[in-house]
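A quick write-up on the structure given underneath.
Counting starts at 1 for both ligands and their atoms, following the listed order.
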Amino acid sequence: MRIVLLGAPGAGKGTQCKYIIEKFGLLHLSSGDILRRHRSQGTELGKKAQSYMDSGALVPDNIIIDMMIDEIGKAPASGYVLDGFPRTEKQAQDLDKELNKKKQKIDAVINLQVNEEIIVRRITGRRICPKCAAVYHIENLKPKVEGKCDKDGSSLLQRPDDTAEVVKTRLKNYNELTAPLVDYYKQKNNVIDIDANEEAEDIRDLMFSKLAPLA
Ligand code: AP5
Ligand code: MG
């Protein structure tokens, strides 16, 4: 199964992807997590991406497309969930070209819809593990020991782009460049709109009920 997850910054893409990969045995391909991994490893790609990410801008299409097509090429036959890619029309077109070459298609596009004031609360309260990329929230999803990752004990960090100021830019870019992809996909794919303002488990159950016929 090949799934694309669309949604604004902080909509809960990463959170819901964790549930999907556990249930359906898919690979989670988060363009943001892959970029942060490049940054922590100090690669050329990571250095190029850094200033765009920290200011809330999108990383240029050519960099992202090459990186993600490469990752998709390494995915197992069981399939994958794309989280944060594609994010522009050019990225979506190039992904389609790549899939067409392999005679493959996207089975479902999940569109997580969340109000902006909820988004800002989710993003400014998020903390991440720099080692394993696990995601926490200071109110909604607290670690067992304050400030430490449950899985490996690393000190949790706030992402540099998770400030109220940078969120504004990220939301603006989302609305201008990424939100139009919902219509792009509605013309040819199975788009599942999900009200994602609720509790994470309730969103998961709703999403699973809509994905069940495809599994
Ligand atoms: P990326 O890392 O993809 O960031 P994003 O799209 O802004 O999305 P987030 O990861 O912030 O949010 P999420 O939807 O995953 O929410 P989460 O589940 O963590 O990209 C970062 C940057 O990389 C971009 O700005 C850009 O520069 C670059 N980039 C990446 N891909 C690119 C591309 N394709 N093209 C160009 N540039 C690209 O949840 C958020 C918080 O809320 C967490 O704390 C979580 O615990 C909490 N939470 C989640 N769900 C709920 C719930 N239901 N109720 C309460 N709390 C919840
Ligand atoms: Mg994410």
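- For residues 37-96, there are no ring-ring contact (aromatic ring centres under 6.0 Å, His included) pairs, not counting sequence neighbours.
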Tell me which donor-acceptor pairs under 3.5 Å the side chains of residues 116-125 have, and how far apart each pair is, sequence neighbours excluded?
| from | atom 1 | to | atom 2 | distance (Å) |
| --- | --- | --- | --- | --- |
| E116 | OE2 | N175 | ND2 | 3.4 |
| R122 | NH1 | A11 | O | 2.9 |
| R122 | NH1 | A196 | O | 3.3 |
| R122 | NH2 | A196 | O | 2.9 |
| T124 | OG1 | V120 | O | 2.8 |

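- Partners of R36 according to the salt bridge (charged side-chain N to carboxylate O under 4.0 Å, His left out) rule, which considers only residues two or more places apart in sequence or in another chain, are D33.
- Judged by a 6.0 Å distance limit and a 45° cone about the ring axis, R204 is positioned over the six-membered ring of Y19.
- Of all heavy-atom pairs spanning I20 and I3, the tightest one is CG2-CD1, 4.0 Å.
- Side chains of K142 and H137: no donor on one and acceptor on the other come within 3.5 Å.
- Listed by chain and number, A8, P9, G10, A11, G12, K13, G14, T15, S31, G32, L35, R36, M53, A57, L58, V59, I64, G84, F85, R87, Q91, R122, R126, V135, Y136, H137, N140, L141, R159, D161, R170, E198, E199, A200, I203 each place a non-hydrogen atom less than 4.0 angstrom from ligand 1.
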